[in-house]
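Quick note: residue numbers are just sequence positions, from 1. The analysis underlying the following values was restricted to heavy atoms, covering all of them including side chains, and did not include hydrogens, waters or symmetry mates. Both ligands and their constituent atoms are indexed starting at 1 by order of listing.
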Amino acid sequence: MNRQRMVVGISGASGFIYGVRLLELLAELNIESHLIISRAALLTMAHETDYKLADVTALASHYHRADDVAAGIASGSFRCLGMVVAPCSMRTLAEIATGSSSGLIGRAADVTLKERRTLVLMARETPLTLAHLRNMTAVTEMGGIIAPPVPAFYARPQNLSQMVDHSLGRVLDLFGLDAGTALRWGEPSPSATGHSATMKELA
Ligand SMILES: Cc1cc2nc3c(=O)[nH]c(=O)nc-3n(C[C@H](O)[C@H](O)[C@H](O)COP(=O)(O)O)c2cc1C
């Protein structure tokens, strides 16, 4: 495998921009991205952003239809670093937690778990029901990582894009990748934040 590869699922939770920005960061890191977008995510895209489907698919190295369960990424033989679902709806979480995939996002996540690769779910809902919590526990017990997109206020974000970039920077950390967007306690802030002081000085 010449280029490292990652699967990116965008499901219909609020926060479509997390998926978009993740694709941009992966391109900057020269990681080959394989994108799947659920039907519900097309609704959040329209409600939350000015993006059209073609704008988003153009950011990915490869785009796979959500019902294409014959895609290469549906097989464990597809070598990659793992998969991020950004954002992850409670429906997609439930599907992954129960291993009952109905489409390519669920299948690719299932494959990621069975091959013991890194699966990160940016699960988004509030407040949470017991079913949501139990599903998060089940995914964690199977080796997946629940990483809700919760802003870190110690990072003193100046705008939404800094909040998004920090959360995604911490997700990429889970794969050993550094896009330079995560603010690190006690270290000089990355240029993306516009700060020159260290985080301790800002605190
Ligand atoms: C504007 C909008 C925002 C939504 N936000 C959330 C959310 O934050 N979390 C969630 O679990 N579902 C949310 N939903 C509902 C999901 O889209 C819905 O459960 C859908 O069936 C999920 O399908 P998917 O998992 O295949 O993407 C939202 C729906 C819309 C239209």
Counting each atom of ligand 1 from 1 as listed, which ones have a heavy atom of [X] under 4.0 Å away?
X	answer
Ser11	27 (O)
Thr92	24 (P), 25 (O), 26 (O)
Ala40	17 (O), 20 (C), 22 (C), 23 (O), 27 (O)
Met90	10 (C), 11 (O)
Arg124	7 (C), 8 (O), 9 (N), 10 (C), 11 (O)
Ser38	24 (P), 26 (O), 27 (O)

- Only heavy atoms count here, so choose which of Ala123, Ser102, Ser89 is nearest to atom 25 (O) of ligand 1. Ser89

- So which of Glu125, Arg39, Glu48, Arg91 gets nearest to atom 21 (O) of ligand 1, if we judge by its closest heavy atom? Arg91

For residues 140-151, which side-chain N or O atoms pair as donor and acceptor with protein atoms under 3.5 Å away, sequence neighbours left out?
unit_1, atom_1, unit_2, atom_2, d
Thr140, OG1, Met136, O, 2.7

Could you check [atom] against the protein and tell me its nearest heavy-atom contact, residue, atom and distance included?
atom	result
atom 5 (N) of ligand 1	Ser14 N, 3.2 Å
atom 2 (C) of ligand 1	Thr44 CG2, 3.7 Å
atom 15 (C) of ligand 1	Gly12 O, 3.8 Å

- Asp110 side chain vs Gly106 backbone, donor-acceptor pair below 3.5 Å: no

- N/O donor-acceptor pair under 3.5 Å between Thr44 side chain and Ala41 backbone: yes

- Message: Give me each pair satisfying salt bridge (charged side-chain N to carboxylate O under 4.0 Å, His left out) with a member in residues 64-76, each pair once, sequence neighbours excluded.
- Response: Arg65-Asp67

- Message: Let's go through Val111 and Val7 carefully: what are the C-alpha distance in whole Å and the side-chain angles of both, what is the deciding distance for side chain to side chain contact (heavy atoms under 4.5 Å, CB included) to 0.1 Å, and is it a yes or a no?
- Response: CA-CA 11 Å; Val111 161; Val7 179; over 6 Å; no

- Message: For atom 18 (C) of ligand 1, is there a protein heavy atom at a distance under 4.0 Å?
- Response: no

- Query: Of Val85, Leu119, Thr118, which is the lone residue that meets side chain to side chain contact (heavy atoms under 4.5 Å, CB included) with Thr112?
  - Reply: Leu119

- Checking side chain to side chain contact (heavy atoms under 4.5 Å, CB included) against Met83, which of Ile105, Val8, Ile96 comes through? Ile105

- Query: Thinking salt bridges, do Lys52 and Asp55 make one under a 4.0 Å N-O criterion?
  - Reply: no

